[in-house]
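The structure appears right after this line, and notes come after that.
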2 protein chains.
Amino acid sequence: MAKKIEAKSLVDAVTERLEAAIFGGELAPGEWLREQALATEFGISRGPLREAIRQLEGRRLLERKTNIGVSVVELTPQRLDELLTVREALEGMACRLAAERISPEGVDQLRSLLADHASHSEVVLGEGYYQQSGDFDFHFRIAKESRNDYLVSVISGDLYDLLRLYRYKSSTMSGRAAQALKEHHAILDALSTGDPDQAEKAMRTHICNARIHAKLAMDRQAELAASGTEA
Amino acid sequence: MAKKIEAKSLVDAVTERLEAAIFGGELAPGEWLREQALATEFGISRGPLREAIRQLEGRRLLERKTNIGVSVVELTPQRLDELLTVREALEGMACRLAAERISPEGVDQLRSLLADHASHSEVVLGEGYYQQSGDFDFHFRIAKESRNDYLVSVISGDLYDLLRLYRYKSSTMSGRAAQALKEHHAILDALSTGDPDQAEKAMRTHICNARIHAKLAMDRQAELAASGTEA
DNA sequence: ACCGTGTTGATTGTAGACAATAAATCAAGC
DNA sequence: GCTTGATTTATTGTCTACAATCAACACGGT
């Protein structure tokens, strides 16, 4: 109860609303935001809305054409590939640092987390390996053990934001759930040896596999769309 | 002359002005921005100024306390260490990709660039190894050869922005200029073998050395400041 | 039919006014 | 002297109105 209470402006609230709409799919990639309509819907003036939009531009979730308007960033398979490559570098480094810095208790907690995942995954294996966000996310937990705050903020902030857009579009991790969990265990095993090279390698292999799998899934989706057009 | 001409709003212009002020040191880390004073100085209303400020908040150059004001982000030695660690991961990956993708002509161009640097460095060796930005920056040029646009934008965008703040505060690379140039050559040698592992390792070693050197320089500065206080 | 020009409507960009908030200062009471 | 409450001041937050811009459409000329 020692948390300092801070005021929350309309801009803050609007930013959160827009975020939720973007990640929830109400505002789809490529979709234009109409200031006046949104302001009316939110019951506020255009000023704070514009400020919120500017903030999300700075975070690269929205992009503006001067005098034309603002749209949600568009997703391409190539951009996803690029994102996952960057993620590989960053999470590899996070895992490396974690191997140097994690305590035995920290390792135990991560094992519990994976056991928890396994008990849930038995229910959802057919649907994919979904992790809740925050402290229930294996990757986020490892990043935290790196004790590099900037690295954590990048992994769990901007990069994570963009990846969330893709995850919404494709719930196609189903073919990979069991393998992903297995790789999580391999990562944790490597991490617990305290060997930074092994830990980094295990994490990078995992993300690299995810990238290859996502690419295959997207190609498959493109084929389905193409054959759907022919029908 | 085929470049499409696009309108430029006051917000865009103000954003650039503020950026220049931040990186040029007119707006120092920790310094508060006073909206009314700035708006008066720029000869505009507060609206566009606020929008520009929001954008820079989204880019993490400025941070806001609701109802209090906005200040330039503060720098700590720990944050610089964290930044350089992230940079190590990203530029290592960029160099890896570049090794897989660069053409022989590309390698030659980078060699010319380093020769150019050497001819300049003979003049400025006593003052440090300063590279102009853009296409004259060795690191940026390598990142471009990665052909991963998102990676390039991160390296040359947000990360570069924050590192620029530190570079302004400390022109203390003087003890490292010759070594830095030598390491640049080592990176290029590794890159031209086409071996991704070697290339990545060379770049990461270089950035890691820069990190260690920066840390020493900052420690030395702290000591000077402490002894200055005793006088 | 095509092209160029002018008009209209929708939307974005900006200015200025008013409301709200926090910090500093002052005054009164204990 | 210290605490509390009221007032003042500086600044931020929001709203409304007007200006500017762009795309779409209509019309006239070739």
Side-chain angles (χ1 to χ4, degrees), chain A residues 2-22 26-74, chain B residues 2-22 26-74:
Chain A
K3 191 80 185 271
K4 179 164 180 171
I5 300 185
E6 291 200 329
K8 179 169 179 176
S9 62
L10 278 186
V11 180
D12 294 333
V14 171
T15 303
E16 284 172 20
R17 276 286 295 274
L18 290 177
E19 264 184 66
I22 291 167
E26 285 175 65
L27 285 175
E31 184 171 341
W32 292 97
L33 280 68
R34 299 282 67 117
E35 281 182 21
Q36 190 53 67
L38 278 176
T40 302
E41 180 185 333
F42 294 162
I44 59 171
S45 76
R46 283 169 50 227
L49 173 68
R50 290 179 64 84
E51 288 187 30
I53 286 169
R54 288 291 181 177
Q55 183 136 25
L56 295 172
E57 278 178 63
R59 285 169 54 190
R60 306 223 208 142
L61 292 174
L62 300 176
E63 56 194 1
R64 179 182 296 274
K65 293 215 173 143
T66 303
N67 288 326
I68 306 292
V70 173
S71 61
V72 181
V73 292
E74 292 206 87
Chain B
K3 190 76 186 272
K4 178 166 180 172
I5 298 184
E6 290 201 326
K8 179 169 175 171
S9 63
L10 277 185
V11 180
D12 293 334
V14 171
T15 302
E16 285 171 21
R17 274 288 294 275
L18 289 177
E19 265 184 65
I22 291 167
E26 285 174 64
L27 284 176
E31 183 171 340
W32 293 95
L33 279 70
R34 301 280 64 122
E35 281 182 22
Q36 188 55 64
L38 276 176
T40 302
E41 181 185 333
F42 293 160
I44 61 170
S45 76
R46 283 168 49 229
L49 174 67
R50 292 179 62 85
E51 289 187 29
I53 285 169
R54 288 288 184 180
Q55 181 134 29
L56 295 172
E57 278 177 64
R59 285 170 53 189
R60 306 226 207 142
L61 293 174
L62 300 176
E63 56 194 1
R64 178 182 297 269
K65 295 216 172 147
T66 303
N67 288 328
I68 307 289
V70 173
S71 60
V72 181
V73 293
E74 293 207 86

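Just so it is clear: chains get the letters A, B, ... in the order the sequence lines come, proteins before strands, and each one is counted from 1. If you're wondering where the values come from, they're calculated on a predicted model, not measured in any experiment.
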Whole-Å distance between dA22(C) P and W32(B) CH2?
13 Å

Between dT14(D) atom P and F42(A) atom CZ, what is the distance in whole Å?
14 Å

What one should report as the nearest heavy-atom pair of S71(B) and G30(B) is CB-O, 3.9 Å

Measure from CD on E57(A) to C1' on dT12(C) and round the result to the nearest Å.
12 Å

Separation of L10(B) atom CG from dT21(D) atom C1', in whole Å?
14 Å

Pairs under 3.5 Å (N/O, protein and nucleotides 7-12 of chain D):
| unit_1 | atom_1 | unit_2 | atom_2 | d |
| --- | --- | --- | --- | --- |
| dT12(D) | OP1 | L33(B) | O | 3.4 |
| dT12(D) | OP1 | R34(B) | NH2 | 3.3 |
| dT12(D) | OP2 | E35(B) | N | 3.3 |

For D12(A) and T15(A), test the side chains for any donor-to-acceptor distance below 3.5 angstrom and give the result as yes or no.
no

Quickly work out the E51(A) CD to dG13(D) P distance and round it to whole Å.
7 Å

Atom CG of L49(A) and atom C1' of dT16(D): how far apart are they, to the nearest Å?
15 Å

What I'd like to find out is whether the side chain of V72(B) reaches to under 4.5 Å of the side chain of L62(B), using heavy atoms alone.
yes

Going through the checks in order, is the side-chain contact (heavy atoms from CB on, under 4.5 Å) test met by L18(B) and L61(B)?
CA-CA 10 Å; L18(B) 289 177; L61(B) 293 174; over 6 Å; no

The test is salt bridge (Lys or Arg N to Asp or Glu O under 4.0 Å); show your working for E51(A) and R54(A) and say whether it passes.
CA-CA 5 Å; E51(A) 288 187 30; R54(A) 288 291 181 177; over 6 Å; no

Rounded to whole angstrom units, what separation is found between the CD1 atom of I53(A) and the C1' atom of dG13(C)?
13 Å

Can you tell me how far the OG1 atom of T40(B) sits from the CD atom of Q36(B), to the nearest 0.5 Å?
4.5 Å

